[in-house]
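Notes to accompany the following structure.
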Amino acid sequence: MFVFGLGNPGPEYQGTRHNVGFATVDKLAAQKGVTLRKRCLRPFRSAKINDGRDILVEPLTYMNNSGMAVPYLLSPQDRLIVICDQMDLPPGRVRIRMKGGSAGHNGLKSIIHYWSEDFIHVYIGIGHPKEGVSVPDHVLSAFTPEEEKLIDKATDMAAEAVADILDGKAINEILQKANSFQP
């Protein structure tokens, strides 16, 4: 199975709302004792885990073009998990859906364009922008210290849920635990 964490490459985007997918994949990689690496001219970083049967991926094409990495990696029989931010959830909430649309998320739109809607969606809540703040400014902003604590717990929960999915644990229990998670 492939696990795509969505975000934007570069140090200026670390710790921003849009990069919770990268943060979650980084936590999963640390738990598994691997480092994601970029090879040759590929538009992604990746690392194999679980004896090579699963692959962690961070597209390096910026959020709106996240799906461009899909043709390099996936074939029709592969399975996919995508982890990304979600403004419709309060900061720190986690939601997992077995499949679905883009929910207006440009990174998911790109994945769907290159793949399909048939993948597991792992959403991490980042909340709506405050009045007067544009969506781009909101998703590219850093978390407040209070939100950062919630996001840290949420990315831990999301990494744990993805690890459980990869390990073949009962999906209904994983969904129940993650979707009822309160940071």
Side-chain angles (χ1 to χ4, degrees), residues 2-32 34-38 42-47 49 55-70 72-73 80-97 102-115 119-130 133-163 165 178 181 183:
F2 288 86
V3 178
F4 274 49
L6 303 189
N8 287 312
E12 67 272 27
Y13 297 107
Q14 285 184 333
T16 64
R17 297 168 193 278
H18 235 3
N19 275 38
V20 295
F22 277 11
T24 304
V25 165
D26 289 343
K27 284 185 176 187
L28 190 53
Q31 291 170 7
K32 298 291 186 176
V34 298
T35 302
L36 280 81
R37 300 194 190 286
K38 183 179 183 315
R42 296 178 182 167
F44 57 87
R45 287 187 287 256
S46 64
I49 59 171
I55 300 175
L56 303 176
V57 179
E58 293 177 351
L60 300 175
T61 53
Y62 293 92
M63 181 63 78
N64 293 354
N65 296 313
S66 295
M68 290 175 67
V70 169
Y72 287 87
L73 293 162
L80 175 63
I81 298 171
V82 177
I83 308 164
C84 66
D85 59 293
Q86 177 51 263
M87 288 192 316
D88 291 334
L89 294 173
R93 290 297 305 267
V94 176
R95 276 288 171 262
I96 301 177
R97 300 286 182 245
S102 69
H105 192 287
N106 288 331
L108 291 179
K109 286 179 187 177
S110 181
I111 296 284
I112 291 167
H113 172 78
Y114 284 95
W115 183 247
F119 57 88
I120 298 172
H121 299 64
V122 178
Y123 299 111
I124 298 172
I126 62 167
H128 283 283
K130 292 182 168 66
V133 176
S134 70
V135 169
D137 286 343
H138 177 67
V139 299
L140 297 177
S141 68
F143 293 102
T144 67
E146 298 80 26
E147 290 171 331
E148 200 168 309
K149 291 174 189 170
L150 299 173
I151 295 301
D152 188 49
K153 291 176 184 175
T155 54
D156 285 344
M157 167 52 71
E160 179 184 329
V162 169
I165 292 168
F181 173 72

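Residue indices begin at 1 and follow the sequence shown. Basis for what follows: all heavy atoms, side chains included, without hydrogens, waters or symmetry-related copies.
Between Glu58 and Asp26, some side-chain heavy-atom pair lies under the 4.5 Å cut-off. Taking the side chain as every heavy atom from C-beta outward, Arg42 and Leu73 never approach each other to under 4.5 Å. Side-chain contact check for Val57 versus Val25: every heavy-atom pair is 4.5 Å or farther apart. At least one side-chain heavy atom of Asn19 sits less than 4.5 Å from a side-chain heavy atom of Asn8. Using a 4.5 Å heavy-atom cutoff, the side chains of Leu108 and Tyr123 are in contact.
Taking OG1 from Thr155 and CD1 from Ile124, the interatomic distance works out to 6.0 Å, rounded to the nearest 0.5 Å. Rounding to the nearest 0.5 angstrom, the gap separating the CG atom in Leu80 from the CZ atom in Phe2 is 8.5 Å. Rounding to the nearest 0.5 angstrom, the gap separating the CD1 atom in Ile165 from the CD1 atom in Ile96 is 5.0 Å. For the atom pair OG1 of Thr61 and CZ of Phe44, the computed distance is 10.5 Å after rounding to the nearest 0.5 Å. If you take CG on Leu36 and CG on Leu28, they are separated by 9.0 Å, rounding to the nearest 0.5 Å. Taking NE2 of His113 as the start and CG of Asn65 as the end, the distance is 9.5 Å to the nearest 0.5 Å.
When all heavy atoms are compared, the tightest approach of Thr16 to Leu140 is CG2-O, 3.3 Å. The two residues Ser110 and Met68 make their nearest non-hydrogen contact at OG-N, 4.1 Å. Residue Pro91 comes nearest to Leu150 through the heavy atom pair O-CD1, 3.6 Å, listed as atom of the first residue, atom of the second, then distance. The two residues Cys84 and Val20 have their closest heavy-atom pair at C-CG2, 4.0 Å. The shortest non-hydrogen separation linking Ala159 to Lys27 is CB-CB, 4.2 Å. Heavy-atom minimum distance, Gly5 versus Pro59: O-CD, 3.3 Å.
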TODO: In sequence, state the C-alpha distance, the side-chain angles, and the governing distance for Met87 and Arg17, and then conclude on side chain to side chain contact (heavy atoms under 4.5 Å, CB included).
DONE: CA-CA 9 Å; Met87 288 192 316; Arg17 297 168 193 278; over 6 Å; no
Practice problem: Tell me, with the steps shown, if Ile126 and His138 meet side chain to side chain contact (heavy atoms under 4.5 Å, CB included). | Solution: CA-CA 9 Å; Ile126 62 167; His138 177 67; 4.3 Å; yes
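Within 6.0 Å of the NZ atom in Lys32, the count of heavy atoms belonging to other residues, nucleotides or ligands exceeds 12. Lys149 NZ: 12 or fewer foreign heavy atoms inside a 6.0 Å radius.
Identified under the side chain to side chain donor-acceptor pair (under 3.5 Å) test for residues 81-93, with sequence neighbours left out: His18-Asp85, Asp85-His105, Asp88-His128.
Although no hydrogens or angles enter the test, the distance criterion places no donor-acceptor pair under 3.5 Å between the side chain of His121 and the main chain of Arg95.
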